[in-house]
Number of protein chains: 2
Amino acid sequence: MKHVLIVEDEKKLADVLIAYLNQNQFKVTHFESGSDVVDWVKTNQPNIILLDLMLPDVNGKDLCKEIRQFSMVPIIMVTAMIDEIDRLIGLELGADDYVCKPFSPKEVVARVKAVLRRSEGGLNHGEVYDAFEVNDQTYTIKLHRDRLDLTPVEFRLLKMFLQSPGRVFNRDQILNNIFEDGRIVLDRTVDTHVKNLRHKLKTASPEHDYIRSVYGIGYSFEL
Amino acid sequence: MKHVLIVEDEKKLADVLIAYLNQNQFKVTHFESGSDVVDWVKTNQPNIILLDLMLPDVNGKDLCKEIRQFSMVPIIMVTAMIDEIDRLIGLELGADDYVCKPFSPKEVVARVKAVLRRSEGGLNHGEVYDAFEVNDQTYTIKLHRDRLDLTPVEFRLLKMFLQSPGRVFNRDQILNNIFEDGRIVLDRTVDTHVKNLRHKLKTASPEHDYIRSVYGIGYSFEL
DNA sequence: GTCCAAATTATAAATTCATTATTACAGTTT
DNA sequence: AAACTGTAATAATGAATTTATAATTTGGAC
């Protein structure tokens, strides 16, 4: 569960935010002033900080800078009606985003999620289907974390299967899916590629029989 | 020199931005529609993208998502007077910031700089990737503290690989990355440079096989 | 149900085709 | 001159397809 630290002196505002964040499965800690924040962050390491620029005791910008001295934790600035320059300075300080008051709590929650997603670098280079993981960037497919060593044709074949598990493809459909250009090859070619793919799948996962032959029609992939 | 891609159909607006960015030492490429953007980004890898949400042909949001499938390149959404929901969706899509029209070019330049600083400030302090250390000042790369004696082409090639370990580049992409100018050379040239680089890497670290040939596609670098 | 023939699929080996590695050399640049 | 880059030619490797043969499935006849 992600942990959000809110540093905000307006109690009402903070309470609304806390309610919304809690409803979105965030754990929230709230400070009404900035004095103890640095120490707390050092020991508790929240996943993200919502930081009000206008605090009673310390200056929000300085606090942001100070936190940046020792942590890359994402920080979203919360601030009342600032002019353009201030916005930019906020970002120059090393903040990751900002929201202006008045804001809707929904907006803030969305920003928090967006910044978290960004900072986690959770980049989806492909898709996950059950135990399979297709990565177009690296041209690899993993089965249970092990990389299958596939040829280009096998890669495209398996990817096609994974995208439509359970569907029965006839050989023409398979060939059309695998070759962008409309080259013509024999049906037996499909059999051979299926055989080779089966072999590689079996060595990676001996107990499982993924590719089903459908007599008179073609093949289907059963996850 | 940082390379900015602008995807914007209002030509006047784009021209102003281009002028400002050029004045700030940015290299700029401009697309007036979204249709060819994805392919271009794949081969040219800009440092940041300014993306208009309202394009004549494709939907800006979809384009953003599509780019996020294969690249972490920072994206700033540019958009006319959107309501709150649209903003949020923009960020949920994986965009890094947004600006609303009408905007001042100065603001945009500042945002670009801020986002670039942010996205670079992340993990790789300076330019250390695993056992490799890239120094742009001296045009050298160290492996395990030993300086590799690389030619300019080899330097850019290795740097490109290091910036996207695991990613499979085809030969066009490699050539576009290595030569800023659009000169055209043969695919076989890539093979030769890869061979030479492999040799130098091997003499520096005999046990390790860094560059993987991906049959039918190209090469990738495995740290 | 069992048996058989026809149709279909599986497999392995052989062949063709495509891609990559390597070498040598020529044109440039420094 | 020495180093770098690009090209061309050739060798080596790897993949795709075809071919040939064996194994399996199916449906009908008994």
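The figures here come from the full heavy-atom set of this structure, side chains too, leaving out hydrogens, waters and symmetry mates. A note on names: the letters A, B, ... follow the listed sequences, proteins ahead of strands, and every chain is numbered from 1.
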Nearest-angstrom distance from the residue atom [atom1] of [X] to [atom2] of [N]:
{"X": "B/Lys200", "N": "D/dA3", "atom1": "NZ", "atom2": "P", "result": "11 Å"}
{"X": "B/Leu197", "N": "D/dC4", "atom1": "CG", "atom2": "C1'", "result": "15 Å"}
{"X": "A/Leu186", "N": "C/dT15", "atom1": "CG", "atom2": "C1'", "result": "13 Å"}
{"X": "B/Tyr139", "N": "D/dC4", "atom1": "OH", "atom2": "P", "result": "13 Å"}
{"X": "A/Asp172", "N": "C/dT8", "atom1": "CG", "atom2": "P", "result": "14 Å"}
{"X": "B/Leu201", "N": "C/dA21", "atom1": "CG", "atom2": "P", "result": "14 Å"}
{"X": "B/Asp149", "N": "D/dA2", "atom1": "CG", "atom2": "C1'", "result": "13 Å"}
{"X": "B/Ile174", "N": "C/dT20", "atom1": "CD1", "atom2": "P", "result": "10 Å"}

Starting at [atom1] of [X], measure out to [atom2] of [Y] and round the result to the nearest 0.5 Å.
{"X": "B/Ile174", "Y": "B/Thr189", "atom1": "CD1", "atom2": "OG1", "result": "11.5 Å"}
{"X": "A/Gln173", "Y": "A/Asn177", "atom1": "CD", "atom2": "CG", "result": "7.5 Å"}
{"X": "A/Tyr129", "Y": "A/Leu162", "atom1": "OH", "atom2": "CG", "result": "6.5 Å"}

So what does [X] hit on the nucleic acid, given a heavy-atom distance under 4.0 Å: a base, only sugar-phosphate, or nothing?
{"X": "A/Tyr219", "value": "sugar-phosphate"}
{"X": "B/Ile211", "value": "nothing"}
{"X": "A/Val190", "value": "nothing"}

Does a donor on one side chain sit under 3.5 Å from an acceptor on the other, for [X] and [Y]?
{"X": "B/His3", "Y": "B/Thr29", "answer": "yes"}
{"X": "B/Tyr210", "Y": "B/Arg198", "answer": "no"}
{"X": "B/Asp57", "Y": "B/Ser33", "answer": "yes"}

Decide, yes or no, whether a salt bridge links A/Lys195 with A/Asp191 under the criterion of side-chain N to carboxylate O below 4.0 Å. no
Carboxylate-amine/guanidinium contact B/Lys159 B/Glu133, below 4.0 Å: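 No, this pair does not count.
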Parallel, tilted or perpendicular: which describes the rings of A/Tyr139 and A/Phe155, with under 30° parallel and over 60° perpendicular?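 A/Tyr139 vs A/Phe155 ring planes: tilted.
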Quick check on side-chain contact (heavy atoms from CB on, under 4.5 Å): which of A/Val214, A/Leu197, A/Val194 does A/Tyr219 satisfy it with?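 Filter result, single survivor: A/Val194.
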Tabulate protein N/O versus nucleotide N/O from nucleotides 22-30 of chain C, keeping only pairs under 3.5 Å, one per line.
none

Detail all sub-3.5 Å separations between protein N/O atoms and N/O atoms belonging to nucleotides 14-16 of chain D.
{"unit_1": "D/dA16", "atom_1": "OP1", "unit_2": "A/Val153", "atom_2": "N", "d": "3.2"}
{"unit_1": "D/dA16", "atom_1": "OP2", "unit_2": "A/Thr151", "atom_2": "OG1", "d": "2.7"}

Net bend of the helix from C/dG1-D/dC30 to C/dT30-D/dA1, end axes of five pairs each, nearest 10 degrees: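 Roughly 30° between the end axes, to the nearest 10°.
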Counting only heavy atoms from other residues, nucleotides and ligands, does the tally under 6.0 Å from CG of A/Asp149 exceed 12? no
Would you tell me if any nitrogen or oxygen in the side chain of A/Arg171 comes within less than 4.0 Å of OP1 or OP2 on C/dT8?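 Indeed not, no polar side-chain atom of A/Arg171 lies that close.
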Are the aromatic ring centres of A/Phe132 and A/Phe221 under 6.0 angstrom apart?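 They qualify: ring centres under 6.0 Å apart.
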